[in-house]
Amino acid sequence: MPGHTMRGFFFNGALAAVRGLGDDAVRRCLEAGGETSFTSFFNYPVTAYLRVIYTAAWLLQEQQGSFEAAMRRVGYMAAPPFLSSAMGKALLSVTQGNPRILLNSLPTAYRAAVSYGECAVRWTGLRSGLLVTKHDFMLPLIHEGALLALFEVLGTPGVRVSGRQVGTLDNEITFSWQGLQ
């Protein structure tokens with residue numbers, strides 16, 4: 001994992017997820033990541049991110065009902081800092097509210113956000129498909145949460161997202177939605 005990095009907006013999403021728990025929760029996550037703050041567009045070690053998200057999920061699990069729901073919430077909260085970045089704003093303007101265009105853009109966004117792994121979208125229908133990641137350190141729950149947030153920003157109705165780990169560092173996240181696009 002040495003040399004594998006990811007953008008600070010992922011870290012800032014995890015901090016946003018625990019902010020409602022108070023300053024001590026934020027401090028604990030920052031300490032776990034070995035930083036006093038994270039700059040959204042800077043790169044940080046993926047190992048630090050893993051320490052931050054596990055700390056955040058343990059802190060959030062009671063509030064969210066389970067560790068899994070807490071981890072999904074951490075992933076969900078990564079979307080707002082990403083979407084407020086120049087990269088995220090450009091992505092949203094190009095998609096013009098169309099989920100299919102947004103999802104087709106995810107491999108490019110993934111490559112810009114992390115220094116490792118692969119990401120692909122495979123369509124199984126007009127409004128359904130798989131997000132496939134390989135050599136990816138993020139848990140399927142993180143991807144589930146992030147996809148749910150992206151669909152919500154677009155106002156996409158009838159969304160379903162479900163992820164699973166299919167290899168040591170490989171995930172498949174099934175997604176579908178209802179509606180016109």
Side-chain angles (χ1 to χ4, degrees), residues 1-14 16-17 33 38 40-57 60 66-83 85 87-88 90-92 94-95 98-154 156 159-177:
M1 273 194 268
H4 296 314
T5 62
M6 56 198 315
R7 300 282 182 187
F9 60 77
F10 290 109
F11 294 82
N12 287 329
F38 296 100
S40 285
F41 209 68
F42 286 8
N43 287 316
Y44 299 92
V46 70
T47 52
Y49 181 67
L50 294 173
R51 290 190 308 268
V52 169
I53 64 171
Y54 275 92
T55 301
L60 286 166
S66 69
F67 179 81
E68 291 79 13
M71 194 63 80
R72 196 174 292 111
R73 179 71 179 162
V74 170
Y76 180 93
M77 293 303 291
F82 167 71
L83 293 173
S85 72
M87 182 179 9
L91 183 64
L92 282 178
V94 168
T95 64
N98 185 320
R100 193 171 178 95
I101 295 171
L102 175 71
L103 290 161
N104 280 332
S105 301
L106 285 182
T108 301
Y110 181 92
R111 176 55 41 222
V114 301
S115 69
Y116 56 83
E118 304 167 28
C119 174
V121 174
R122 295 190 188 138
W123 292 100
T124 57
L126 185 59
R127 289 180 295 276
S128 63
L130 289 171
L131 176 68
V132 178
T133 62
K134 295 184 179 284
H135 314 293
D136 182 13
F137 299 101
M138 285 192 257
L139 301 171
L141 295 165
I142 295 291
H143 290 296
E144 283 181 31
L147 279 178
L148 287 168
L150 292 174
F151 279 121
E152 184 176 298
V153 165
L154 296 178
T156 309
V159 172
R160 290 194 173 166
V161 176
S162 177
R164 66 188 183 109
Q165 191 171 2
V166 296
T168 303
L169 296 175
D170 301 341
N171 302 308
E172 288 183 353
I173 294 77
T174 304
F175 59 83
S176 65
W177 71 93

Closer than 3.5 angstrom, by distance alone: can the side chain of Asn171 be matched with the main-chain N or O of Met138 as a donor-acceptor pair?
yes
Aromatic ring pairing Phe38/Phe11, orientation class (parallel under 30°, perpendicular over 60°, tilted between)
parallel
Considering non-hydrogen atoms only, spot the tightest contact between Val74 and Ala56 and give its length.
CG2-CB, 3.9 Å
Rounded to the nearest 0.5 angstrom, the CG-CD distance for Leu141 and Gln165 is 10.0 Å
Do Arg127 and Ser176 have side chains that approach each other closer than 4.5 Å (heavy atoms only, starting at C-beta)?
no
With under 30° as parallel and over 60° as perpendicular, where do the rings of Tyr116 and Tyr110 fit, or are they tilted in between?
perpendicular
Are the side chain of Glu68 and the backbone N or O of Met71 linked by a donor-acceptor pair below 3.5 Å?
no
Heavy-atom closest pair, residues Ala79 and Ala146
CB-O, 4.4 Å
Separation of Thr174 OG1 from Glu144 CD (nearest 0.5 Å):
9.0 Å
Does the side chain of Phe137 reach to within under 4.5 Å of the side chain of Ile142, using non-hydrogen atoms?
no
Output the distance between atom CZ (Arg100) and atom OG1 (Thr95), rounded to the nearest 0.5 Å.
14.0 Å
Just by distance, do the side chain of Asp170 and the backbone of His135 share a donor-acceptor pair under 3.5 Å?
yes
In the structure I gave you, are the side-chain heavy atoms of Leu102 and Val153 within less than 4.5 Å of one another anywhere?
no
Atom of Ala70, atom of Ala57 and distance for their closest heavy-atom approach
CB-O, 3.4 Å
Considering all heavy atoms, the nearest Ser105-Leu91 contact:
CB-CD1, 3.0 Å
Just so I know, are the side chains of Leu148 and Val159 near enough to count as touching, which here means a heavy-atom distance under 4.5 Å?
yes
Fit a plane to each ring of Phe175 and Trp177, take the angle between them on a 0 to 90° scale, and name the class: parallel (under 30°), tilted (30 to 60°) or perpendicular (over 60°).
parallel
When you measure from the side chain of Arg164 to the backbone N and O of Pro140, does any donor-acceptor pair fall under 3.5 Å?
no
Minimum heavy-atom distance between Cys119 and Pro107, given as atom pair plus value
O-CB, 3.3 Å
In Å and rounded to the nearest 0.5 Å, what is the CZ to CZ distance from Phe9 to Phe42?
14.0 Å
Heavy-atom side-chain contact between His143 and Thr133 under 4.5 Å:
yes
Tell me, do Leu103 and Trp123 make a side-chain contact under 4.5 Å, heavy atoms counted?
yes
Examine distances only and state if a side-chain atom of Glu118 and a backbone atom of Lys134 form a donor-acceptor pair shorter than 3.5 Å.
no
How long is the gap from OG1 on Thr168 to CG on Asp136, to the nearest 0.5 Å?
12.5 Å
Side-chain (Arg111) to main-chain (Gly117) donor-acceptor, under 3.5 angstrom
yes
Would you name the heavy atoms of Ala78 and Phe10 that are closest together and state the gap between them?
CB-CD2, 4.0 Å
I'd like to know if the side chain of Arg7 and the backbone of Ser40 have a donor-acceptor N/O pair within less than 3.5 Å.
no
Looking at side-chain heavy atoms only, is the closest gap between Leu150 and Leu83 below 4.5 Å?
yes
In Å, rounded to the nearest 0.5 Å, how long is the span from CG of Leu139 to CG of Leu169?
10.0 Å
